[in-house]
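To find a chain, count down the sequence lines: A is the first, B the second, and so on, and within it residues start at 1.
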Amino acid sequence: GAGVSQSPRYKVAKRGQDVALRCDPISGHVSLFWYQQALGQGPEFLTYFQNEAQLDKSGLPSDRFFAERPEGSVSTLKIQRTQQEDSAVYLCASSAGSSGNTIYFGEGSWLTVV
Amino acid sequence: AQTVTQSQPEMSVQEAETVTLSCTYDTSESDYYLFWYKQPPSRQMILVIRQEAYKQQNATENRFSVNFQKAAKSFSLKISDSQLGDAAMYFCARAGGTSYGKLTFGQGTILTVHP
């Protein structure tokens, strides 16, 4: 596709449910990033992939958060046993890989935990 | 901690006028990048302008320019000839040279443009 595509755009989950958020990066982009943006805040880094390798997961807030990119293209962010504090917009971004390349963001997946 | 601070939660400007958004940052790295992103209500982050720390010349992109003061760790954004479509949330962000996509964002500044 022409840009970074995320699905679902909106998700309402009951507390305790598991959710999966999908990111389809720009074709050929080797680097993929996930960010979490709470209401009224700036985005915060969660994790980074280079191809299928997860090189940095230092921002994942707990072991309930898990991300994968098995074939080096599409990525899934999974949140287990969702809690109210997980309510946020989850932004995915991709870039061609090298420092200096533009980082392109998707429109995000809005998660509300009730 | 490598922080980014935007001290103006909200700013407003008249159409066709000029406005400056402030940003300061903290870093221990010598090689890093600075960015301004625009976020409309759709939530998609759109890159406005980028500055490499090793470049002394301030970056410009059409009506957008920055004032990069490396010693002061300041990185302000100037929008000239403001347009209604410039209204959005603006985020300042920093990335290290060795962790390019790991951006640290400020809290954002809401820009309102009055006709």
Side-chain angles (χ1 to χ4, degrees), chain A residues 1-6 8-10 21 23 25-26 29-51 53-60 69 75 88-111, chain B residues 1-10 21-26 29-55 59 61 75 77 88-110:
Chain A
V4 179
S5 178
Q6 294 188 244
R9 287 294 319 279
Y10 305 94
L21 308 176
C23 173
I26 293 172
H29 278 192
V30 300
S31 296
L32 185 145
F33 313 89
W34 284 100
Y35 287 81
Q36 179 190 56
Q37 186 177 20
L39 188 64
Q41 305 291 318
E44 293 191 354
F45 172 82
L46 293 178
T47 187
Y48 159 53
F49 289 87
Q50 186 169 336
N51 296 305
Q54 189 174 20
L55 299 186
D56 188 337
K57 54 181 180 179
S58 61
L60 296 177
R69 193 185 185 198
S75 176
V89 176
Y90 291 86
L91 295 166
C92 179
S94 72
S95 80
S98 301
S99 293
N101 289 119
T102 299
I103 300 168
Y104 296 90
F105 281 81
E107 291 187 303
S109 291
W110 300 54
L111 173 65
Chain B
Q2 315 270 10
T3 58
V4 176
T5 303
Q6 294 178 249
S7 58
Q8 306 154 317
E10 298 182 28
L21 308 184
S22 301
C23 173
T24 58
Y25 61 93
D26 188 17
E29 296 176 284
S30 58
D31 180 23
Y32 56 92
Y33 299 80
L34 298 166
F35 308 84
W36 278 98
Y37 278 91
K38 171 184 177 181
Q39 188 178 47
S42 70
R43 288 291 188 135
Q44 184 171 20
M45 302 289 278
I46 301 165
L47 180 65
V48 174
I49 199 164
R50 180 181 69 196
Q51 174 82 42
E52 290 89 343
Y54 66 86
K55 290 186 177 179
E61 285 289 341
F75 182 63
L77 174 70
M89 176 79 92
Y90 285 80
F91 288 98
C92 178
R94 188 205 70 85
T98 56
S99 55
Y100 180 68
K102 189 174 180 178
L103 299 168
T104 300
F105 286 87
Q107 295 289 80
T109 298
I110 299 173

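Rounding to the nearest 0.5 Å gives a distance of 11.5 Å between CD1 of B:I46 and CZ of A:F105. One distance of note links NZ of B:K102 with OH of A:Y35; it measures 9.0 Å at 0.5 Å rounding.
Scored by the side chain to side chain contact (heavy atoms under 4.5 Å, CB included) test, B:E61 finds B:I49 as partners (sequence neighbours excluded). Shown here are the ring pair (Phe, Tyr, Trp, His ring centres under 6.0 Å) partners of B:Y54, two or more places apart in sequence or in another chain: there are none. Every residue two or more places apart in sequence or in another chain that forms a side chain to side chain contact (heavy atoms under 4.5 Å, CB included) with B:S42 is listed here: A:E107, B:P40, B:Q44.
For the pair B:R43 and A:L91, the tightest heavy-atom approach, listed with the atom from each and the gap, is O-CD2, 3.7 Å.
For residues 42-50 of chain A, heavy-atom neighbours of chain B at less than 4.5 Å comprise A:G42, A:P43, A:F45, sorted by residue number.
Comparing A:Q37, A:R9, A:Q6 by how many heavy-atom pairs each has under 4.5 Å with chain B, the most go to A:Q37.
Side-chain contact between A:I103 and B:M45 is absent, with no heavy atoms from C-beta onward closer than 4.5 Å.
In this structure, chain B has a heavy atom under 4.5 Å from the side chain of A:S58, while its backbone stays farther away. B:Q39 touches chain A through its side chain: at least one heavy atom from C-beta onward sits under 4.5 Å away, while N, CA, C and O do not.
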